[in-house]
2 protein chains.
Amino acid sequence: MTMPRDDENYVLDDQVGFLLRLAYQRHMAIFMGRISGGLTPTQFSTLYRLREAKGPISQNALGRLVGMDAATTKGVVARLIARGLIRMEKDEEDRRRHILSTTEEGRRLLDEVMPQVRGITEATLAPLSPIERDTLVQLLKRLN
Amino acid sequence: MTMPRDDENYVLDDQVGFLLRLAYQRHMAIFMGRISGGLTPTQFSTLYRLREAKGPISQNALGRLVGMDAATTKGVVARLIARGLIRMEKDEEDRRRHILSTTEEGRRLLDEVMPQVRGITEATLAPLSPIERDTLVQLLKRLN
DNA sequence: TAAAATTCATTTGCATACATACAATTTTTC
DNA sequence: GAAAAATTGTATGTATGCAAATGAATTTTA
């Protein structure tokens, strides 16, 4: 007599985690194929949020708005600075902080890229009907 | 007269790509917090698929079953071998191939981990009702 | 005010994930 | 049967992501 394995009813292809990974991979492929300027999804989100913030904002605070931890944020910010899309200054009020802002070049790229980004969302959701798209977005928001 | 920016109606928090990234991050955090043996989601999927395959299977073929490209698969397989969870032999039929199989240790860990993995899916979907969970899974499957 | 806790940023190490290029080997095609 | 095409695995470089440790500066608390 051997114990039956605990695999009954377990179908990997039906697991949210597995599906989320594949869905995000597909979205990334669509994103990188349609965006100009070589922005990654994370870099776009970071740049967008920074312009959206309008006022001065620290590196870590910006990272939180995008859902990145401090270590990840550091790398993303460094690459955006290296491309001349954002700028960093020291905060004299709080000398731990690095204040970030978009550059003219960064805002120009953002303007150029917005229509593409809309198309990317469209393409990602293409397999679904309008109602289904809305349902998926609402459910994903509830998940976070 | 300046051109109005193309930001009307664009809300980053409503974009599938952004939400998919956050949802998968949350899932990974839940996964790593509940799994024993330090398996990552990808490593678990790979190990699970390999046992599921039963017959001999090449490295690249296994990677495709899990949704990884060849380069990623190489790293995942190397780490699973290093932990003694899977084994690699040369295929004499096709000398390009590396045939993979699970070890006793790998199957033992898989058995140990299955109940935890069920709990992880539960925890990830916790904010949703049973019907909503099913809807989300179905929509994600359609997206791939 | 001094000590403790918190916050901000950095660094290191590890683990996906993709693009690209490459060598070795099979398979297909002519 | 030889050339062309495809497949398998490897290597390198880039980009998220997290954990954990560190140092510097600020805020809270005793």
Side-chain angles (χ1 to χ4, degrees), chain A residues 17-18 20-33 35 37-47 56-83 85 88-100, chain B residues 17-18 20-33 35 37-47 56-83 85 88-100:
Chain A
F18 192 75
L20 283 172
R21 182 175 131 268
L22 295 184
Y24 185 56
Q25 274 178 24
R26 175 168 162 276
H27 171 260
M28 271 202 299
I30 293 171
F31 193 103
M32 298 305 286
I35 206 79
L39 281 183
T40 66
T42 312
Q43 287 171 13
F44 166 75
S45 295
T46 303
L47 190 54
I57 187 172
S58 76
Q59 181 172 290
N60 279 6
L62 177 59
R64 283 192 291 273
L65 288 177
V66 183
M68 304 182 295
D69 75 347
T72 302
T73 304
K74 156 98 178 122
V76 174
V77 163
R79 283 180 283 275
L80 289 174
I81 291 175
R83 292 181 191 206
L85 303 175
M88 177 187 281
E89 312 165 67
K90 284 204 162 159
D91 183 349
E92 295 305 331
E93 313 266 314
D94 185 336
R95 309 217 311 279
R96 296 170 304 183
R97 282 203 177 91
H98 294 172
I99 297 301
L100 302 176
Chain B
F18 191 75
L20 284 171
R21 182 174 131 268
L22 295 185
Y24 185 58
Q25 275 177 21
R26 174 169 163 276
H27 171 261
M28 269 202 301
I30 293 171
F31 193 105
M32 300 304 286
I35 206 81
L39 281 183
T40 65
T42 312
Q43 286 171 14
F44 165 75
S45 295
T46 304
L47 190 54
I57 186 173
S58 74
Q59 180 173 290
N60 279 6
L62 177 59
R64 283 191 291 271
L65 289 177
V66 183
M68 304 182 296
D69 74 348
T72 302
T73 304
K74 156 103 178 120
V76 174
V77 163
R79 281 179 286 274
L80 289 174
I81 291 175
R83 292 181 191 205
L85 302 176
M88 178 185 281
E89 312 165 68
K90 285 205 162 158
D91 184 348
E92 296 304 332
E93 313 267 312
D94 184 337
R95 308 218 314 279
R96 297 168 304 179
R97 284 202 175 93
H98 295 172
I99 297 300
L100 302 176

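Every value quoted in this text rests on a predicted model; they were computed, and no experiment measured them. Order of the sequence lines sets the chain letters (A, B, ...), proteins ahead of strands, with each chain counted from 1.
In terms of the side-chain contact (heavy atoms from CB on, under 4.5 Å) criterion, residue partners of Met32(A) (sequence neighbours excluded) are, by chain and number, Thr40(A), Pro41(A). Under the rule for a salt bridge (Lys or Arg N to Asp or Glu O under 4.0 Å), Arg64(A) has no partner lying at least two apart in sequence or in another chain. Asp91(B) pairs by the side chain to side chain donor-acceptor pair (under 3.5 Å) definition with nothing, not counting sequence neighbours. Residues meeting the side chain to side chain donor-acceptor pair (under 3.5 Å) test with Arg97(B), sequence neighbours left out: Asp94(B). Not counting sequence neighbours, the partners of Leu65(A) by the side-chain contact (heavy atoms from CB on, under 4.5 Å) test are Arg49(A), Ile57(A). Listed by chain and number, the residues in a ring-ring contact (aromatic ring centres under 6.0 Å, His included) with Phe44(A) are Tyr48(A) (sequence neighbours excluded).
When rounded to the nearest whole Å, the span between CZ of Arg21(B) and P of dC18(D) equals 8 Å. To the nearest angstrom, C1' of dA19(D) lies 18 Å from CD1 of Ile35(B). Rounding to whole angstrom units, CZ of residue Phe31(A) and C1' of dA15(D) are separated by 13 Å. In this structure, CG of Leu22(B) is placed 12 Å from C1' of dG17(D), rounded to the nearest angstrom. We find that CZ of Arg97(B) is positioned 14 Å from P of dT10(D), with the value rounded to whole Å. One interatomic measurement links the two molecules: CZ of Arg26(B) to P of dG17(D), which rounds to 17 Å at whole-angstrom precision. dT8(D) atom P lies 12 Å from atom CG of Leu65(B), rounded to whole Å. Rounded to an integer number of Å, the gap from Leu20(B) CG to dT16(D) P is 17 Å.
Note that the CG atom of Leu39(B) and the CZ atom of Arg83(B) stand 6.0 Å from one another [nearest 0.5 Å].
Map Gln59(B) and Gln43(A) each onto its nearest nucleotide of DNA chain D; the residue landing nearer the 5' end is Gln59(B). Of the residues near DNA chain C, His98(A) and Ala29(A), the one whose nearest nucleotide (by heavy atom distance) lies more toward the 5' end is His98(A). Mapping Lys74(A) and Asp69(B) onto DNA chain C via the closest heavy atom, the residue that lands nearer the 5' end is Lys74(A).
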Listed pairs, N/O of protein and of nucleotides 25-29 of chain D, under 3.5 Å:
residue : atom : partner  : partner atom : Å
dT26(D) : OP1  : Arg95(A) : N            : 3.2

Under 3.5 Å, which N/O atoms of the protein pair with N/O atoms of nucleotides 12-14 of chain D?
none

Output side-chain donor-acceptor pairs under 3.5 Å for residues 23-30 of chain B, partner residues at least two apart or in another chain, one line each.
residue  : atom : partner   : partner atom : Å
Arg26(B) : NE   : Leu143(A) : O            : 3.2
Arg26(B) : NH1  : Leu143(A) : O            : 3.0
Arg26(B) : NH1  : Thr124(B) : O            : 3.0
Arg26(B) : NH2  : Ala123(B) : O            : 3.4
Arg26(B) : NH2  : Thr124(B) : O            : 3.3

Review item, side-chain donor-acceptor pairs of residues 66-73 of chain B, under 3.5 Å, at least two apart:
residue  : atom : partner  : partner atom : Å
Asp69(B) : OD1  : Thr72(B) : N            : 2.9
Asp69(B) : OD1  : Thr72(B) : OG1          : 2.7
Thr73(B) : OG1  : Asp69(B) : O            : 2.8

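Minimum interatomic distance between Leu47(B) and Leu80(B) (heavy atoms only, all atoms of both residues): N-CD1, 4.4 Å. Taking every heavy atom of both residues into account, Met88(A) and Gln59(A) meet most closely at CE-OE1, 3.3 Å.
Between Arg95(B) and Lys90(B), every side-chain heavy-atom pair lies at or beyond the 4.5 Å cut-off.
Once you apply a 4.0 Å limit to the heavy atoms of chain A, the touched nucleotides of DNA chain C run 5' to 3' over dT7(C) to dC18(C).
Between Ser58(B) and dG9(D), a side-chain N or O to OP1/OP2 separation shorter than 4.0 Å is present.
Residue Tyr24(A) is classed as a sugar-phosphate contact, given heavy-atom separations below 4.0 Å to backbone atoms only. At the heavy-atom level, Thr72(A) lies under 4.0 Å from base atoms of the strands shown.
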